[in-house]
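Comments concern the structure below.
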There are 2 protein chains.
Amino acid sequence: MAMDGCDHEGPDGDDAPLGLTKNERRVWETMVGSGEPMKAYEILDALKGSGVRAPMTVYRALDGLEAKGLIHKLEGKNTYVICNHSRPHRLQVFLVCDECPTVTEIDVKGLDTLLSPFARDAGFKIETARLEVRGRCEGC
Amino acid sequence: MAMDGCDHEGPDGDDAPLGLTKNERRVWETMVGSGEPMKAYEILDALKGSGVRAPMTVYRALDGLEAKGLIHKLEGKNTYVICNHSRPHRLQVFLVCDECPTVTEIDVKGLDTLLSPFARDAGFKIETARLEVRGRCEGC
DNA sequence: AATCTTTATAACATGATATAACATCGATCG
DNA sequence: CGATCGATGTTATATCATGTTATAAAGATT
């Protein structure tokens, strides 16, 4: 319950969220416009025309967006994706296609419940979790 | 260091990154495809078509895979074998401490079963999956 | 022993990803 | 005012994976 904020109301509209800094908004809009997971340096390239010149600018914005729960990082591919859920959640599940750039975030009900006892047995206190599933998506 | 049992304790103290690099993945898939122990230069030959040209590339990937507990070297024959690939696909679960470098791999029974229907509903065919749980380990 | 083949590393260069360190700017508040 | 704070800009560098060339080390063969 605490870990499960996956409402799945679909893409919550494309209007930029409030409370973003200038650079966060630029990065967020770039990512939304792309529609696919993006690498930090791809975002940087896309923003070169808007006067963004340094990696730092992008990474800081990505940090901010992630802290606000608006994006997630996919460690497996070093890419960043828009989070299409309506409020921050600590448990994320991604279906990552090996054949194409498609990444789908899904809600796996019961994952928290399944996981908790194993973590407890190991004396581990869960803060967040991210499950990256790799394989082939529907279209591939 | 354990000789030949599949201990599967996560990398301890040595902070090997989780997940596979591109070359590790290529080597891993070659070995899975073969189904038999392979020699380094056999793997190299098999990957010549994918643009792998140098022994170093293979040996580095083998080192990485071994550090992650995914393969073992058979010293007697200078061959490398997949470790613990009994399941059709592999689900790894890591408990990653945010306070210290400790990473523990655990076995979450039922994860596969829980996950499969969700993937099937999305038309997704699972190959591998990796769950990174972040939080505080027992000692922290 | 000398040589050849197979197995494995050393050493260096490049590219991709990410951060450190410090300077600047603008707003807000006492 | 000036002090402080968050955001931004700027430069330099760290880190990780890979590519590339050459060579070391170990066994087998002659």
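Numbered from 1 within each chain, the chains take letters A, B, ... in sequence-line order.
Put simply, NZ on B:K48 is 14 Å from P on D:dG19, counting in whole angstrom units. For the pair A:M38 CE and C:dA16 P, the computed distance is 16 Å after rounding to whole Å. Taking atom OH of B:Y59 as the reference point, atom C1' of D:dA26 lies 12 Å away to the nearest angstrom. When the C1' atom of D:dT21 is taken as reference, atom CG of B:L44 falls 15 Å away, rounded to whole Å. Taking atom CD of A:E75 as the reference point, atom P of D:dA17 lies 12 Å away to the nearest angstrom. Counting to the nearest Å, the C1' atom of D:dT18 and the CZ atom of B:R25 are 17 Å from each other.
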Which pairs, protein N/O on one side and nucleotides 23-27 of chain C N/O on the other, fall under 3.5 Å?
none

Under-3.5 Å N/O pairs linking protein and nucleotides 5-8 of chain D:
from	atom 1	to	atom 2	distance (Å)
D:dT8	OP1	A:T21	OG1	3.4
D:dT8	OP1	A:K22	N	2.9
D:dT8	OP1	A:N23	N	3.1
D:dT8	OP2	A:T21	OG1	3.1

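Annotation: the terminal axes of the helix from C:dA1-D:dT30 to C:dG30-D:dC1 meet at 30°, where each axis is the rotation carrying the C1' atoms of four end pairs onto the next four (5 pairs per end, rounded to 10°).
Remark: side-chain polar atoms of B:S116 are paired, donor with acceptor, to backbone N or O of B:D112 under 3.5 angstrom. B:R136 places no side-chain N or O within 3.5 Å of a backbone atom of A:E127 that could act as its donor or acceptor partner. Using modelled atom types, no side-chain atom of B:S50 and backbone atom of B:V52 make a donor-acceptor pair closer than 3.5 Å.
Electrostatic pairing of B:K68 and B:E66 does not count as a salt bridge here, judged by no charged N lying under 4.0 Å from a carboxylate O. A salt bridge between A:K22 and A:E24 is absent, with no side-chain N of the basic residue lying under 4.0 Å from a carboxylate O of the acidic one. Salt bridge status for B:D63 with B:R60: absent, with no side-chain N to carboxylate O gap under 4.0 Å. Under a 4.0 Å N-O distance rule, the pair A:R130/A:E132 qualifies as a salt bridge.
Note that the CG atom of A:D98 and the OG1 atom of B:T128 stand 6.5 Å from one another [nearest 0.5 Å].
When the shell of 6.0 Å around NZ of B:K109 is examined, it contains 12 or fewer heavy atoms from other residues, nucleotides or ligands.
Put simply, the side chain of A:V93 does not reach to within 4.5 Å of the side chain of A:E105, judged on heavy atoms.
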inquiry  = Using side-chain contact (heavy atoms from CB on, under 4.5 Å), reason through A:V103 and A:L95 one step at a time and then give a plain yes or no.
reply    = CA-CA 6 Å; A:V103 174; A:L95 304 177; over 6 Å; no

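The phosphate of C:dA18 (OP1 or OP2) has no side-chain N or O of A:K39 nearer than 4.0 angstrom. The side chain of B:N78 places no N or O atom within less than 4.0 Å of a non-bridging phosphate oxygen (OP1 or OP2) of C:dT6. Of the side-chain N and O atoms in B:Y80, one or more sit less than 4.0 angstrom from OP1 or OP2 of C:dA8.
Looking at the side chain of A:M56, the nearest of the listed nucleotides C:dA8, C:dA21, C:dA18 is C:dA21. Here the nucleotide nearest the side chain of B:A54, chosen from C:dA8, C:dA18, D:dT20, is D:dT20.
Residues B:H72 and B:Y80 keep their aromatic ring centres 6.0 Å or farther apart.
Heavy atoms of B:K77 sit nowhere under 4.0 angstrom from any nucleic acid atom.
In terms of polar N and O atoms assigned as donor or acceptor, the side chain of B:Y41 comes within less than 3.5 Å of the base of C:dA8 in a complementary pairing.
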